[in-house]
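Working notes, structure below.
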Number of protein chains: 2
Amino acid sequence: MATPRTDPLTLDVIALIGGVVARYHEEYDRAAAAHALTGAQARVLGLLSHEPMPMRKVARTLKCEPSNITGIVDRLELRGLVERRPDPADRRVKLAAPTEDGMRTARQLRDALDFAREPLADLSEAERTMLRDLLRRMLGDEPSGAADAAPPSPGAAAG
Amino acid sequence: MATPRTDPLTLDVIALIGGVVARYHEEYDRAAAAHALTGAQARVLGLLSHEPMPMRKVARTLKCEPSNITGIVDRLELRGLVERRPDPADRRVKLAAPTEDGMRTARQLRDALDFAREPLADLSEAERTMLRDLLRRMLGDEPSGAADAAPPSPGAAAG
DNA sequence: TATTGTTATACTCTATAACTATA
DNA sequence: TATAGTTATAGAGTATAACAATA
């Protein structure tokens with residue numbers, strides 16, 4: 001909390017992580033823009049491409065209010081990338097699912113999105129293993145699967 | 001470009017980097033919200049706390065249109081965190097500079113912001129050095145200083 | 001003529017609150 | 001009564017285009 005005086009090495013690493021975050025967003029936004037999608041839209045589409053899910057769950061996963069998802073899915077639906085299906089088990093629920101076109105777009109997004117692939121190619125397998133283990137420890141051994149949920153919502157904290 | 005089939009280890013690392021990006025934003029937004037600032041406002045304030053600069057340069061650094069900066073600085077100015085000063089050398093230019101209160105806030109933000117400090121504390125010095133060097137190579141030995149510029153603008157790519 | 005900052009406009013994202021249809 | 005999704009509303013960020021002041 002109070003800044004216990006951090007050593008230069010740690011500050012270096014922190015600055016580098018800032019660089020990684022910046023690079024991640026550049027690539028992500030570039031990929032989304034190439035399909036005329038906003039970041040939020042690309043995020044939702046990518047999430048649904050793994051597995052169709054109720055609107056509510058999309059909101060929970062992306063850590064935003066359910067009302068936002070309505071609009072984002074509306075726009076994706078207008079583009080023909082996503083559709084709303086009834087849930088046979090609960091008539092209140094609408095399952096958001098990518099169309100074929102949406103799946104194709106999601107795949108292209110994902111390909112363009114693993115921005116780290118090329119830089120990582122410069123590292124040996126031993127180095128990549130080290131990097132993986134160090135990152136794991138840094139994140140506290142969180143379970144994987146954060147790949148899509150990654151770029152959360154910055155524009156938040158309004159009002 | 002075309003997805004040359006990436007090995008599982010690299011995919012692991014990519015997923016972990018996604019986790020890092022997510023964590024970075026969580027911390028950043030939490031810190032900003034604690035001061036009732038949006039991400040964009042915190043970003044501009046942090047940038048100016050290093051060095052006052054023309055509105056134009058803020059936009060260039062944050063990679064957004066100059067017209068956006070007008071509004072963000074407006075809101076920061078209303079809060080008394082930033083002020084606009086004339087540039088003696090060029091009367092067209094307005095230098096955005098943090099007030100004392102703004103500097104104090106920026107400092108608190110920065111302290112709360114190096115989110116990686118605590119997780120990194122679990123790593124030995126040798127491990128931190130390795131991590132630093134690996135990240136440097138990943139980023140292509142970019143110059144440092146990306147700490148503040150880091151979380152760029154996701155909400156972009158609109159209209 | 002070019003540049004700086006601003007204004008006007010329109011779109012997206014965000015949260016909050018109220019509404020509906022189900023459960 | 002509680003839950004899922006929607007609608008309405010308002011604030012913030014973003015880009016584009018046009019403008020005044022200055023270079």
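These numbers come from a predicted model, not from an experiment. Here is the naming used below: chain letters follow the sequence lines, and residue numbers restart at 1 for every chain.
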Would you kindly give the [atom1]-to-[atom2] distance between [X] and [N], to the nearest whole Å?
| X | N | atom1 | atom2 | result |
| --- | --- | --- | --- | --- |
| B/Asp74 | D/dG13 | CG | C1' | 13 Å |
| A/Ile69 | C/dT14 | CD1 | P | 7 Å |
| B/Asn68 | C/dG5 | CG | P | 14 Å |
| B/Asp90 | C/dG5 | CG | C1' | 11 Å |
| A/Lys63 | C/dT14 | NZ | P | 14 Å |
| A/Leu76 | C/dC13 | CG | C1' | 13 Å |
| B/Met55 | C/dT6 | CE | C1' | 9 Å |
| A/Asp29 | C/dC13 | CG | P | 12 Å |

Salt bridge present between A/Glu83 and A/Arg85 (N-O < 4.0 angstrom): yes

Quick check against the 3.5 Å criterion: does [X] have a side-chain atom that pairs as donor or acceptor with the backbone of [Y]?
| X | Y | value |
| --- | --- | --- |
| A/Arg79 | A/Ala36 | yes |
| A/Arg128 | A/Leu123 | yes |
| A/Arg137 | B/Asp122 | yes |
| A/Tyr28 | A/Arg43 | yes |

When we call it a touch if two heavy atoms are under 4.0 Å apart, what does [X] touch: a base, just sugar-phosphate, or nothing?
| X | answer |
| --- | --- |
| B/Ile72 | sugar-phosphate |
| A/Asp87 | nothing |
| A/Arg56 | base |
| A/Arg60 | nothing |

With respect to the side chain of [X], which nucleotide from [options] is positioned closest?
| X | options | answer |
| --- | --- | --- |
| A/Glu65 | C/dA15, D/dA15, C/dG5 | C/dA15 |
| A/Arg75 | C/dG5, C/dC13, D/dG5 | C/dC13 |
| B/Gln41 | C/dG5, C/dA23, D/dA12 | D/dA12 |

First encountered from the 5' end of DNA chain D, between B/Gly71 and A/Leu95: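 Residue closer to the 5' terminus by nearest nucleotide: A/Leu95.
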
[N] phosphate, OP1 or OP2, under 4.0 Å from [X] side-chain N/O:
| X | N | value |
| --- | --- | --- |
| B/Arg92 | D/dA20 | no |
| A/Lys94 | D/dT6 | yes |
| A/Arg91 | C/dA23 | yes |
| B/Thr70 | C/dT7 | no |
| B/Arg84 | C/dT6 | yes |

Stepwise side-chain hydrogen bond (donor to acceptor under 3.5 Å, both in side chains) check, B/Ser49 with B/Arg107: CA-CA 8 Å; B/Ser49 72; B/Arg107 224 172 292 127; over 6 Å; no

Donor/acceptor link under 3.5 angstrom from A/Ser67 side chain onto base of C/dT16: yes

